[in-house]
Student: 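Take a look at the following structure, please.
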Protein chains: 2
Amino acid sequence: MAKYKNVASDIIERIKKHEFKDIGKLPTEDEMIEYYNVSRNTIRSALKTLTSQGVIYSRQGSGFYIRQRSNDNCIPITGTNGLTYDFPHNTFTNVVLSIELLKADEILAKKMFCEVGDSIYFCKRLRILDDKKFALEFSYYNQKIVPYLGKEIAEKSIYNYLQDNLKLKFGFADKHISAIKLNKEQAELLELETGDPGLVIADTVYLDNGMMFNTSQVIYNYKYANFYAMAVR
Amino acid sequence: MAKYKNVASDIIERIKKHEFKDIGKLPTEDEMIEYYNVSRNTIRSALKTLTSQGVIYSRQGSGFYIRQRSNDNCIPITGTNGLTYDFPHNTFTNVVLSIELLKADEILAKKMFCEVGDSIYFCKRLRILDDKKFALEFSYYNQKIVPYLGKEIAEKSIYNYLQDNLKLKFGFADKHISAIKLNKEQAELLELETGDPGLVIADTVYLDNGMMFNTSQVIYNYKYANFYAMAVR
DNA sequence: AAGTGGTCTAGACCACGTC
DNA sequence: ACGTGGTCTAGACCACTTC
């Protein structure tokens with residue numbers, strides 16, 4: 001791993017251990033250069049990483065300070081690891097409602113940045129968190145990138161399968177957030193009433209080589225869904 | 001302005017002019033070093049800025065590529081400029097429902113990171129976009145930082161006032177996103193039905209010196225509100 | 001093998017805060 | 001005036017892609 005990433009992880013560890021708690025301020029760059037025995041730019045790369053993660057912020061002429069945030073029970077909206085990763089302490093059950101291999105029509109082809117007629121997996125899942133009906137997911141995967149998708153995979157974690165077995169590396173994603181009134185079918189699956197709110201997040205996910213491989217629409221149960229986002233300098 | 005920021009803006013301009021459209025790829029770093037007559041690190045700072053903005057992405061050993069995104073009519077959730085900025089082509093009307101100067105009780109003090117008894121402005125606004133009842137805003141400002149807040153300011157743009165008149169510089173913000181069922185009062189103001197969905201975004205906003213100065217809860221009309229967020233490497 | 005981005009170093013000067 | 005972060009330069013080597 002790169003030096004600056006090691007430095008960044010180590011600083012996070014030290015923050016978690018409350019090593020700087022009394023002042024809420026990190027050591028100066030020069031002190032960290034000494035401590036880690038690396039160049040100034042390496043320290044600055046590490047600090048820049050932590051700044052964009054919302055862990056710290058800087059005041060020119062003054063120093064780097066630790067941010068205090070309360071994100072209990074919140075899902076980071078900019079995360080690309082999937083819910084299984086976001087809730088390590090809970091048990092997630094996935095009820096696979098259907099898996100189909102579709103031929104893309106014009107609308108789907110546009111959505112998936114692919115050709116008309118390309119094979120696309122369509123997977124419908126109900127995602128249950130500790131007996132709570134948490135979310136309803138409608139997800140599409142390009143078969144060129146995901147050659148096979150079966151019930152046994154979708155019942156566990158699709159994202160773990162893609163990363164660990166297919167060795168896919170995620171690059172970036174676009175997300176659209178809105179709210180809807182649930183129809184009868186959606187409401188029944190989420191054990192809510194027709195017309196109740198649903199928090200909708202539509203994703204378009206790309207690999208690190210820039211190829212789009214997945215779009216999904218997830219309707220979250222408004223009683224449990226709580227997301228957080230950050231705006232940073 | 002810093003060189004790398006100028007380079008970044010210029011690259012954005014060139015992308016908008018479709019200068020690289022045929023290949024969707026930027027010139028190599030060496031070519032840009034030549035073109036802009038700056039060092040490699042300066043070019044790389046500019047490219048890093050654009051990458052974190054979601055404008056481009058990089059493939060090691062290959063090059064920098066332009067991202068295509070469709071964010072029509074969407075509000076960037078990580079924006080800190082306020083709605084007036086996000087909708088430059090529309091007319092925003094703000095109906096000021098109330099402005100009060102409160103003494104912080106324990107709950108409010110905790111929310112505002114201030115002392116019990118501190119003076120806090122509380123402002124309730126209905127925000128209307130081209131005759132559409134767009135959002136209902138409940139916003140708190142610490143009087144230590146915002147000494148005065150009046151109806152004449154809140155009817156225009158509070159954020160413009162803070163930036164232009166008080167010369168405040170925004171640093172970063174935390175946001176929490178959820179969905180609720182509207183109660184009778186909220187629904188009437190937004191011209192919706194009781195029990196209809198509301199998309200809620202709760203903000204905690206900090207100045208660039210790390211001081212928290214504003215929290216707000218905004219209930220968006222689900223018929224119009226459409227936000228976007230990005231996850232980037 | 002050549003091209004291109006990713007990391008790292010050493011050193012310089014500037015801008016802002018603090019005292 | 002001094003300390004601290006922000007920007008910039010020149011040069012080196014590594015990792016990955018492309019041919």
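Proteins get letters first, then strands, A, B, ... in listed order; numbering begins at 1 in each.
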Student: Is a donor on one side and an acceptor on the other found under 3.5 Å between the side chain of A:Gln143 and the backbone of A:Pro147?
Tutor: yes
Student: Which label fits B:Phe172 and B:Tyr206: parallel for a plane angle under 30°, tilted from 30 to 60°, or perpendicular past 60°?
Tutor: parallel
Student: 5'-most contact on DNA chain C: A:Met1 or B:Gly63, nearest heavy atom basis?
Tutor: B:Gly63
Student: May I ask you to decide whether B:Asp30 forms a salt bridge with B:Arg40, counting only side-chain N to carboxylate O separations under 4.0 Å?
Tutor: no
Student: Nearest heavy-atom pair of B:Ala229 and A:Ile177: which atoms, and what distance?
Tutor: CB-CD1, 4.1 Å
Student: Using residues 98-115 of chain A as the side-chain source, report each donor-acceptor pair under 3.5 Å to any protein atom, sequence neighbours left out, with the distance given to one decimal.
Tutor:
from, atom 1, to, atom 2, distance (Å)
A:Lys103, NZ, A:Ser119, OG, 2.9
A:Asp105, OD1, A:Ile107, N, 3.2
A:Asp105, OD1, A:Leu108, N, 2.8

Student: Treating A:Thr51 as the side-chain partner and A:Leu47 as the backbone partner, does any N or O pair qualify as donor plus acceptor under 3.5 Å?
Tutor: yes
Student: Kindly give the atom pairs (protein nitrogen or oxygen, nucleotide nitrogen or oxygen) under 3.5 Å for nucleotides 13-16 of chain C.
Tutor:
from, atom 1, to, atom 2, distance (Å)
C:dA15, N3, A:Gln60, NE2, 3.2

Student: Over how many whole Å does the gap from A:Lys3 atom NZ to D:dC14 atom P extend?
Tutor: 13 Å
Student: List in numerical order all residues of residues 26-39 of chain A for which some heavy atom is under 4.0 Å away from an atom belonging to DNA chain C.
Tutor: A:Val38, A:Ser39
Student: Rounding to a whole Å, what distance do you find between B:Lys25:NZ and D:dT17:C1'?
Tutor: 11 Å
Student: Nearest whole Å is fine: how far is C:dT4 P from B:Ile56 CD1?
Tutor: 16 Å
Student: Which residue, B:Arg127, B:Glu155, B:Glu137, forms the side chain to side chain donor-acceptor pair (under 3.5 Å) with B:Asn94?
Tutor: B:Arg127
Student: Is the ring centre of B:Tyr141 less than 6.0 Å from the ring centre of B:Phe122?
Tutor: no
Student: From the options A:Thr42, A:Asp10, A:Asn6, select the one residue that forms a side chain to side chain donor-acceptor pair (under 3.5 Å) with A:Tyr36.
Tutor: A:Asp10
Student: May I ask you to check whether B:Phe20 and B:Phe64 place their ring centres under 6.0 Å from each other?
Tutor: no
Student: With a 3.5 Å cut-off and sequence neighbours excluded, list the donor-acceptor pairs that the side chains of residues 52-62 of chain A form with protein atoms.
Tutor:
from, atom 1, to, atom 2, distance (Å)
A:Ser52, OG, A:Thr49, O, 3.0
A:Ser62, OG, A:Tyr65, OH, 2.5

Student: How long is the line joining OH of B:Tyr57 and P of C:dG6, in whole Å?
Tutor: 13 Å
Student: Should the ring pair A:Tyr228 and B:His176 be called parallel, tilted or perpendicular, given that the plane angle runs from 0 to 90° and is split at 30 and 60?
Tutor: tilted
Student: What is the separation between atom CZ on B:Arg59 and atom P on C:dG3, rounded to the nearest whole Å?
Tutor: 19 Å
Student: Would A:Tyr148 and A:Tyr161 satisfy ring pair (Phe, Tyr, Trp, His ring centres under 6.0 Å), going step by step from the backbone distance to the final call?
Tutor: CA-CA 11 Å; A:Tyr148 173 74; A:Tyr161 170 72; 7.6 Å; no
Student: What bend angle does the helix from C:dA1-D:dT18 to C:dT18-D:dA1 show across its length, from five-pair end axes and to the nearest 10 degrees?
Tutor: 10°
Student: At a heavy-atom distance below 4.0 Å, what parts of residues 41-52 of chain B sit against DNA chain D?
Tutor: B:Asn41, B:Thr42
